[in-house]
Amino acid sequence: MRITATQLAGGLIIGTLPLTVIPRLPGYGYDIAAIVLSFLLMRCSQRVAIFTAMVLLFSLWPLNTARSLQDQIDRLTQGIVRAEVQIDTVLPGAERARVRLFRQDGRLLFPPIYASIRLPGGEETFCQGAAMEYGSGASSSSCPAK
């Protein structure tokens, strides 16, 4: 049976849609069940069964990506974190800034995560594009040369 690029794209979209409505991510048991059921459905010669198998397999990729991001956010919110960040935007009033987290405890964070932090010294101390180390009450900053 031939599968067109449109059918592949449709299967990927349909496989991703449940992430928008489920309240909690399913456990790894779902992965095993989806793989087993997909292989069983692929043995059928009906087009609908093969498309359903494809959708089940395509649902695993965004689900595991969501699990990875959720684990990363859980690690970052467990208390005081020492992280290297780059200031993306200093918000009006110079009390808060949007930052991109580069490293946590020397480990590179990927995909990049953004956070909002309170600036201890105001806008004159920190500027957009500055690289800084932030955490456990201490922070250091260096503004890029203009």
TODO: Keeping the roles fixed (side chain from Gln7, backbone from Thr4), state whether a donor-acceptor pair exists under 3.5 Å.
DONE: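 Checking the backbone N and O of Thr4 against the side chain of Gln7, a donor-acceptor pair under 3.5 Å is found.
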TODO: Return yes if some donor-acceptor pair links the side-chain N/O of Thr52 with the main-chain N/O of Val48 below 3.5 Å, else return no.
DONE: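 Side chain of Thr52 to backbone of Val48, a donor-acceptor pair under 3.5 Å: yes, one is there.
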For a quick test of reading the model, state the closest non-hydrogen atom pair linking [X] to [Y] and the distance between them.
X	Y	value
Tyr114	Leu101	C-CD1, 4.3 Å
Gln72	Ile113	OE1-CD1, 3.1 Å
Ala53	Met42	CB-CG, 3.8 Å
Asn64	Tyr28	OD1-CE2, 4.0 Å
Met54	Gly11	CE-CA, 4.4 Å

Hey, quick one: are [X] and [Y] part of the same hydrophobic cluster, counting side-chain heavy atoms closer than 4.5 Å, chains of contacts allowed?
X	Y	answer
Leu37	Trp61	no
Ile22	Leu57	yes
Leu40	Ile35	no

Open item on the list: Under a 4.0 Å threshold between the charged nitrogen and the carboxylate oxygen, would Asp88 count as salt-bridged to Arg100?
Closed with: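 Looking at Asp88 together with Arg100, the answer is no, because their closest N to O distance does not fall below 4.0 Å.
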Please report the interatomic distance [atom1]([X]) to [atom2]([Y]), rounded to the nearest 0.5 Å.
X	Y	atom1	atom2	answer
Arg96	Ser116	CZ	OG	4.0 Å
Arg98	Gln86	CZ	CD	11.5 Å
Leu8	Ile13	CG	CD1	11.0 Å
Arg82	Gln104	CZ	CD	12.0 Å

TODO: With sequence neighbours excluded, tell me which residues meet side-chain contact (heavy atoms from CB on, under 4.5 Å) with Tyr30.
DONE: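 Residues passing side-chain contact (heavy atoms from CB on, under 4.5 Å) with Tyr30: Pro26, Ala34, Leu56, Ser59, Leu60, Leu63.
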Kindly indicate whether the side chain of [X], heavy atoms from C-beta on, has any atom under 4.5 Å from the side chain of [Y].
X	Y	answer
Leu41	Ile50	no
Arg103	Leu109	no
Gln70	Arg24	no
Ile14	Phe51	yes

Task: Qualifying salt bridge (charged side-chain N to carboxylate O under 4.0 Å, His left out) pairs with a residue from residues 51-73, counting only residues at least two apart or across chains - done: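 The answer is Asp31-Arg67.
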